[in-house]
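Inspection log for the structure reproduced underneath, given as structure tokens.
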Amino acid sequence: MQEKYPFAEIEARWQKLWDDSACFTADTSRSDKKFYCLTMFPYPSGTMHVGHGRNYIIGDVLARYKKMRGFEVLSPMGWDAFGLPAENAAKDKGIHPKDSTRQNIAHMKRQLRQWGVGYDWNREVDTSDPEYYRWTQWIFLQLHKRGLAYRKCAPVNWCELCTTLANEEVLADGTCDRCGRPVAKRDLDQWFFKITDYAQKLLDDLDLLPKWPEKVRQMQANWIGRSEGARVEFTVSETGDPCPIFTTRPDTIYGVTFLAIAPEHPLVRKLIAGSPRETEVMDFISRQLMVSAAVRSDGATRKEGVFSGFHVRNPFNGENVPLWVTNYVLMEYGTGAVMAVPAHDQRDFEFAREYGIPVKVVIQNEERPLDATVMTEAYVGDGPMVASGPFDGQRNRDAIPGMIRHAAQGGFGDSSVTYRLRDWLISRQRYWGAPIPIVHCGKCGAVPVREEDLPVLLPDDVDFRVERGNPLASHAAFPSAKCPSCGGPGKRETDTLAQWLCSCWYFLRYVSPGRADVPFDREDVNRWLPVDQYIGGVEHAVLHLLYSRFIVKVLHDAGHVGFREPFGALFTQGMICKRSSKDGQLYKMSKSKGNVVSPDELVVEYGADTLRLYTLFIGPPEKDAEWSDQGIEGAVRFLRRLWRKVYDKRQFITGLEAGVPPMDGMEPAVRELHRAVHTAIQQVTFDIEEGFRFNSAIARIMELLNAIDACELGESSSAGTRRVYRNAMETLVVLLSPFAPHISDELWTELGHKAPLMAVPWPEFSPEALARDEIEIAVQVNGKVRGRAVVSADADRETMEKAALSDANVLKFTEGMTVRKVIVVPGKLVNVVAS
RNA sequence: GCCGGAGUGGCGAAAUGGCAUACGCAGCAGACUCAAAAUCUGCCGCCCGCAAGGGCGUGAGGGUUCGAGUCCCUCCUCCGGCACCA
């Protein structure tokens with residue numbers, strides 16, 4: 001054994017040993033005690049920084065720990081390999097995406113390996129591999145078969161660089177999630193998945209996911225955005241055209257003083273054609289169409305509108321109110337038309353005041369009666385209804401069901417639920433993706449490719465230098481195809497599938513990656529899924545995680561899988577940030593901010609175990625953390641100290657009888673060490689099991705080393721002392737092994753055992769070892785600690801009370817007072833209440 | 001505005017309603033050294049005090065309790081999501 005901690009040498013050696021002994025190979029045919037530990041697979045961008053590393057290290061700790069706990073662990077890794085950066089690189093540098101992706105994967109694989117992160121590489125998937133994407137295409141066909149994939153011309157999100165985007169890919173400020181460019185609306189023919197059909201299921205089944213972070217469930221619920229209300233049919237007074245509206249506040253319907261309709265609403269165009277106000281209204285509409293979606297849907301945008309010249313009839317009271325075309329009503333939500341109640345809706349109020357439209361109070365504020373003429377804002381609270389015909393006097397909230405019933409009976413409305421969620425746009429005008437398996441035929445329309453003809457292969461020989469559009473579309477051969485239905489000439493769909501679709505089923509493929517006949521083995525998948533622990537970044541809360549849930553639900557309904565949710569438990573780790581040297585601000589690591597910490601260099605300088613240890617010790621793993629170059633020094637110091645301790649003491653603790661002697665008659669310091677060992681086992685286990693508190697677990701291990709340090713060991717130590725000491729060292733190494741596996745395996749070997757520790761059972765703590773004869777208790781007077789007392793561990797209340805009341809400081813502080821009460825907490829403290 | 005999370009030493013952070021600040025970083029003092037680094041030992045919340053000891057202290061203010069960082073109410077600040085969504 002070397003005196004100095006030779007991390008580089010031992011890390012290389014153990015990495016090779018783990019590979020050679022196939023420790024991470026999972027036997028998926030084993031069915032007892034399985035644990036599917038899944039870390040979100042990365043886009044092969046080329047290099048990973050320490051923030052990425054955190055993700056994989058957490059997964060690796062868990063996988064190793066579960067193995068030690070006797071689980072058959074499936075911990076696979078793969079590559080979300082389709083995507084835009086590779087295609088851009090092809091454009092700029094002339095490297096084929098296939099080649100750059102392959103290189104990047106090789107480098108990242110090397111990084112993972114040198115961090116000591118182990119996977120069952122036999123199960124590696126690559127979404128750009130035809131053997132993989134053939135099944136992505138198959139999934140498309142399954143949705144198509146079920147009427148869940150459709151093509152329509154609609155205003156879609158358009159990013160100059162990334163082409164079409166799903167709603168989930170557009171940030172709240174109207175920019176592209178991927179590249180930050182502004183997103184515009186364009187009318188395009190695109191493929192969509194009918195995720196809205198699953199809105200309610202996706203919402204309801206969030207209840208099946210108690211082991212997901214509340215935050216993520218909340219984000220998904222927000223995104224789905226269910227709102228309950230009523231649909232009420234107004235009619236255009238002049239023409240009789242129906243004009244349905246959706247409202248969550250049918251109780252305010254007697255207060256409607258106008259109807260607001262979106263500029264894009266088809267009814268507007270129909271009505272005003274040839275009408276007296278046509279020019280004025282058309283002017284307004286064309287002006288609105290120029291405004292970006294982000295500005296249109298921003299609450300701060302001034303409300304504008306134009307009177308259409310038409311009126312609508314309120315079916316509840318027969319009143320005719322003006323129909324206004326307004327900028328604040330969105331065509332995409334509800335019915336694109338809103339019943340406007342200025343008295344009780346702030347937006348309607350602002351608009352009404354702007355255009356001199358009457359305000360009519362129909363719900364009274366009981367605290368301060370409302371006067372429509374002097375109101376400065378809408379009253380959105382509750383109260384008794386007024387001026388509401390037969391509903392007068394009822395509490396507004398209570399009246400809603402009756403009002404909806406009234407509308408239903410009259411045939412002009414019903415209860416209704418609206419979701420914010422929109423259908424998922426899945427086509428992209430890009431080359432580096434899985435081709436959509438569709439052939440357009442003049443006679444038969446859009447015809448799906450037959451399953452047995454999959455995959456639709458992506459040609460390699462495309463010209464990336466096309467200025468605009470998809471290089472696939474200008475390929476010489478790819479677009480021409482025979483119609484699978486009639487055999488006539490057709491045109492192959494040249495759009496490719498969104499990357500999100502490739503990544504929303506990969507966890508199924510891992511279970512049976514070699515199968516060429518099916519996407520996954522149904523039996524194995526049903527046994528191994530749902531994933532026991534999924535680990536990844538919170539940035540996927542409504543993208544990947546929602547899409548995956550949706551696809552699994554569809555596969556479930558189609559009978560392909562027996563479970564409804566893919567991920568039983570989810571852990572979202574925080575980002576690692578670093579102060580930018582440019583402006584001193586804290587940012588998540590990115591090349592543009594120049595604050596990237598490269599793990600490659602750290603591994604060379606400190607070793608993988610140090611990198612792992614510090615990454616885990618930096619803070620609670622679910623929280624963002626700030627990388628500190630000094631912090632890593634602390635981690636390496638600990639490992640050096642540990643190494644040195646084993647080195648120094650090894651001569652005293654080898655060649656001894658196995659096990660630990662009975663504690664009776666041992667000197668107190670030795671018993672104390674033995675107790676520290678079991679305290680550590682108990683606490684480290686608790687910290688791992690209860691919410692991934694790795695930072696705290698490592699602190700416990702550090703405490704154990706401090707306890708070992710506090711215990712003297714030398715030539716003169718008894719055999720019993722040596723055995724206890726050895727057991728302390730051994731236990732420390734075992735507890736440390738999931739976190740810092742290389743040094744642990746090495747020291748375990750030095751201590752005379754057979755590594756790897758992955759195969760060694762996790763230790764159990766013994767309650768007897770934790771027991772003490774005497775304990776120190778705190779003595780309080782009126783809740784303030786005034787002294788300490790040593791009592792026997794099993795001291796009864798009376799003894800403790802007596803010990804407390806005889807404490808000199810207690811006497812001092814209770815002098816001249818009457819003791820009212822004495823609270824005794826066995827094993828902890830005594831509180832003397834006096835006044 | 002609605003929903004969720006957080007606020008504790010100089011810093012990262014610990015604490016099933018029971019001794020606040022474990023563990024680590026930084027800092028200070030000392031040992032080793034020609035010297036430095038590394039390493040080791042000790043100190044390290046604020047205020048008063050030579051000390052013993054005392055007062056204060058977990059964003060603010062209330063409350064429950066023998067006892068609150070922890071539970072309840074009100075508020076402030078920060079972070080995340082949703083938001084002209086009818």
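Numbers restart at 1 for each chain; the letters A, B, ... are given by sequence-line order, proteins then strands. Every value quoted in this text rests on a predicted model; they were computed, and no experiment measured them.
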message: Using the ring-ring contact (aromatic ring centres under 6.0 Å, His included) criterion, which residues pair with F412(A)? Sequence neighbours excluded.
response: F316(A), H406(A)
field: Residue list, ring-ring contact (aromatic ring centres under 6.0 Å, His included) with F349(A), at least two apart or on another chain
entry: none
Determine the contact category for [X]: base if any of its heavy atoms lies under 4.0 Å from a base atom, sugar-phosphate if only primed atoms, P, OP1 or OP2 are that close, otherwise nothing.
| X | answer |
| --- | --- |
| R788(A) | base |
| R786(A) | sugar-phosphate |
| T301(A) | base |
| Q346(A) | nothing |
| R422(A) | base |
| T247(A) | sugar-phosphate |
| R641(A) | sugar-phosphate |

message: For L611(A) versus L602(A), what's the shortest heavy-atom pair and its separation?
response: CD1-CD1, 3.8 Å
- prompt: Roughly, in whole Å, what's the span from CG in L642(A) to P in rU39(B)?
  reply: 15 Å
- prompt: Got a sec? Which of residues 327-344 of chain A come in under 4.0 Å of RNA chain B, heavy atoms?
  reply: N327(A), Y328(A), V329(A), L330(A), Y333(A), V338(A)
task: Sugar-phosphate atoms are those with a prime plus P, OP1 and OP2; base atoms are the rest. Using that split, label each nucleotide of nucleotides 5-18 of chain B B, S or - for protein heavy atoms under 4.0 Å, 5' to 3'.
output: -------BSSSB-B
message: Taking salt bridge (charged side-chain N to carboxylate O under 4.0 Å, His left out) as the cut-off, I'd like each qualifying pair that reaches into residues 699-710 of chain A, sequence neighbours left out, listed once.
response: R641(A)-D709(A), K645(A)-D709(A), D687(A)-R700(A), R700(A)-E703(A)
statement: Comparing nearest nucleotides in RNA chain B, the 5'-proximal residue of the pair V170(A), G634(A) is G634(A)
task: Evaluate side-chain hydrogen bond (donor to acceptor under 3.5 Å, both in side chains) for K303(A) paired with N327(A), printing each intermediate quantity in order.
output: CA-CA 6 Å; K303(A) 290 168 187 47; N327(A) 66 342; over 6 Å; no
Hey, can you pull the donor-acceptor pairs under 3.5 Å for the side chains in residues 251-258 of chain A, sequence neighbours left out?
residue: D251(A); atom: OD1; partner: R249(A); partner atom: NE; Å: 3.1
residue: D251(A); atom: OD2; partner: R249(A); partner atom: NE; Å: 3.2
residue: D251(A); atom: OD2; partner: R249(A); partner atom: NH2; Å: 3.0
residue: D251(A); atom: OD2; partner: N396(A); partner atom: ND2; Å: 3.0
residue: T252(A); atom: OG1; partner: R249(A); partner atom: O; Å: 2.8
residue: T257(A); atom: OG1; partner: P358(A); partner atom: O; Å: 2.9

